[in-house]
2 protein chains.
Amino acid sequence: MTEATRRERLRAETERDIRRQARALLVEHGRDAVTLRAIARELGITAPALYRYYDSREDLLRKLAEDICTDLAAELNTKLQGIAEDDISAQVFVVCRGFRRWALAHPQEFTLVFASTEDALGRCGPNEDHSQVGDQFGRVFLEVAGRLIVGHPLPDEIGQNVPEGLHADLKAFQRILLATVNARGVEVDEQVLTLGAVYHITQSWVRIYGHVALEVFGRFPFAVTNPEPLFDSMLAEIMGGMGLSQQP
Amino acid sequence: MTEATRRERLRAETERDIRRQARALLVEHGRDAVTLRAIARELGITAPALYRYYDSREDLLRKLAEDICTDLAAELNTKLQGIAEDDISAQVFVVCRGFRRWALAHPQEFTLVFASTEDALGRCGPNEDHSQVGDQFGRVFLEVAGRLIVGHPLPDEIGQNVPEGLHADLKAFQRILLATVNARGVEVDEQVLTLGAVYHITQSWVRIYGHVALEVFGRFPFAVTNPEPLFDSMLAEIMGGMGLSQQP
DNA sequence: GCAGGTCAGTGAACGGTGTTTACGAAGTTG
DNA sequence: CAACTTCGTAAACACCGTTCACTGACCTGC
């Protein structure tokens, strides 16, 4: 039988409805339109009732951002399942292109999760200790990146020039990355996932995020009528820089 | 004498005051705190009076974004004047580092100008025809980038792999860039400022913007305790990729 | 099974917001 | 000085987040 009591079931249901409505408002009319009163109106309840579920509007938005992260991760994981286990290169393409397409299709959600100052929203995910990847999406992204490196160690010349001041941070990140990849059953140590590789992953994220954000915000220095080739060529360049063959 | 009438002088003065107050509210308490009533209160007038100057709150925010762009450009130009005319490499460093420092010092302004969807704000600058650089900051950035290329043509191997689908856009951008650089008295044609060079500038902007935005929004995949070396090493990498010597 | 506690939801209220409207009081111009 | 333009006001409307005292349904232990 359902272990939960009637009240608990109802509560969970309402909570789901609240987030669904909030999500719809965000997607269709932007962050400012995510209003406690609008959500309540749509649900046929009154605004103060929402305070039984969230401490404040800001709290709701924070939870919403976590939901979005989780959903994005799930979407990418689904796409990942259609790819051969050993074709890591294809996996990277799927994740990166999937991220871009999602951001373009849901600019408001992208803005909330990936372009909000920390004090206005806080990070996704509950773990603030930074010993793990902060959010679900980050986990998917880094897992694939890690597997890519593991399956295809970087040429030695890459990453000999990581700046001294970054060694401590990169070493910490290396530990996180090793844990993340190992958690999926792939054995790997710092002989393969070198500091240079970690640095390269960071730089790749900078470029991918940079392109996507620029496209979402229309901040390229010129009018790009068809940005997809630009993204794909950047991706190919990143992969090529790691000594990997690119593919369409 | 002052050509303007008394009324015109007063109007210009209050308009300046309005923007100054709006700016202060934005910087100190974020976009949501830029309230018509708060601005009016601070100025000792009433909120509806602001409608003599702006069509709506959104209109004010748009104008504010233009101001910010212009001020940023002025700030960078001032820093640029302290650099030797022929040391283009140093000019690039000054502009890029200046952009990063400004963004970190004014995250709210950065968010408004560089991380807002177009429909929520529209682009800076009045010219929507895209035959010119959209905003003041873009002009400064591209001027320096253009001068860099002109003073130091790229190795031939760079930019042979610009994707076919981008040729049209890049050619248009090339025209803009040529006009922008030529407007400063430097003669240059498309033999020097090749399509590959234009592509390289675009990619560089992606990386610089990506790093700065990630830092402002705290969205690096790990806790970077000291992001400055990361930025500088990226800058050095970009310059190095163009066959230029880097410098601290 | 029912008394007592828990808890989702309500309605009223407070202070805040953007925006419109009609109106007055200056400045400008013939 | 009269006519006109322009800046600012007060009042009002419809929203907003949030708090508070409250009802009524649910759940639990006796």
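Protein chains get the first letters and strands the later ones, always in sequence-line order, with residue 1 at the start of each.
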Exercise. Of the residues in residues 16-24 of chain A, which ones touch DNA chain D at a heavy-atom distance under 4.0 Å?
Worked result: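 Within residues 16-24 of chain A, no residue comes under 4.0 Å of DNA chain D.
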For this session: Between B/Thr14 and A/Arg57, name the one whose nearest nucleotide on DNA chain D is closer to the 5' end.
Result: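 Looking at DNA chain D, the more 5' nearest nucleotide goes with B/Thr14.
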With sequence neighbours excluded, tell me which residues meet side-chain contact (heavy atoms from CB on, under 4.5 Å) with [X].
X: A/Tyr53; answer: A/Arg11, A/Thr14, A/Glu15, A/Ile18
X: A/Ala172; answer: A/Arg175
X: B/Val144; answer: B/Leu80, B/Gln91, B/Val92, B/Val95, B/Arg147

For this session: Heavy atoms of chain B, cut-off under 4.0 Å: which first and last nucleotide of DNA chain C, 5' to 3', fall inside that, if you could look?
Result: C/dT17 to C/dT28
Exercise. So what does B/Arg52 hit on the nucleic acid, given a heavy-atom distance under 4.0 Å: a base, only sugar-phosphate, or nothing?
Worked result: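 Here B/Arg52 touches the bases of the nucleic acid.
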Exercise. Under 4.0 angstrom, heavy atoms only, what part of the nucleic acid is B/Tyr51 near: base, sugar-phosphate, or nothing?
Worked result: base
Problem set entry | Residue mapping more 5' on DNA chain C - nearest nucleotide basis, A/Arg7 or A/Thr46 | A/Arg7
Seminar exercise, completed: The answer to which of B/Leu10 and B/Pro48 contacts DNA chain C further toward the 5' end, by nearest nucleotide, is B/Pro48
For this session: Kindly state each residue pair satisfying side chain to side chain donor-acceptor pair (under 3.5 Å) with at least one member in residues 102-113 of chain B, sequence neighbours excluded.
Result: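 Sorted pair list: B/Arg23-B/Glu109.
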Residues which pass salt bridge (Lys or Arg N to Asp or Glu O under 4.0 Å) with [X], listed by chain and number, not counting sequence neighbours:
X: B/Asp32; result: none
X: B/Glu42; result: none
X: A/Arg37; result: none

For this session: Quick one: which residue pairs count as a salt bridge (Lys or Arg N to Asp or Glu O under 4.0 Å) with a foot in residues 202-215 of chain A, not counting sequence neighbours?
Result: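 Checked against salt bridge (Lys or Arg N to Asp or Glu O under 4.0 Å) - neighbours excluded - the pairs reaching residues 202-215 of chain A are A/Arg100-A/Glu215, A/Arg207-A/Glu237.
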Exercise. Which residues pass the ring pair (Phe, Tyr, Trp, His ring centres under 6.0 Å) test with A/Phe231, sequence neighbours left out?
Worked result: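 So A/Phe231 forms a ring pair (Phe, Tyr, Trp, His ring centres under 6.0 Å) with A/His211.
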Problem set entry | First and last nucleotide of DNA chain D, 5' to 3', lying under 4.0 Å from heavy atoms of chain B | D/dT5 to D/dA12
Exercise. B/Phe141 and ring-ring contact (aromatic ring centres under 6.0 Å, His included): which partner among B/Phe99, B/Trp205, B/Phe114?
Worked result: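 The residue from B/Phe99, B/Trp205, B/Phe114 that satisfies ring-ring contact (aromatic ring centres under 6.0 Å, His included) with B/Phe141 turns out to be B/Trp205.
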For this session: Using modelled atom types only, decide if a donor and an acceptor are shared between the side chain of A/Tyr209 and the backbone of B/Arg219 within a distance under 3.5 Å.
Result: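 Not at all, since once roles are kept as given, no pair shorter than 3.5 Å links the two residues.
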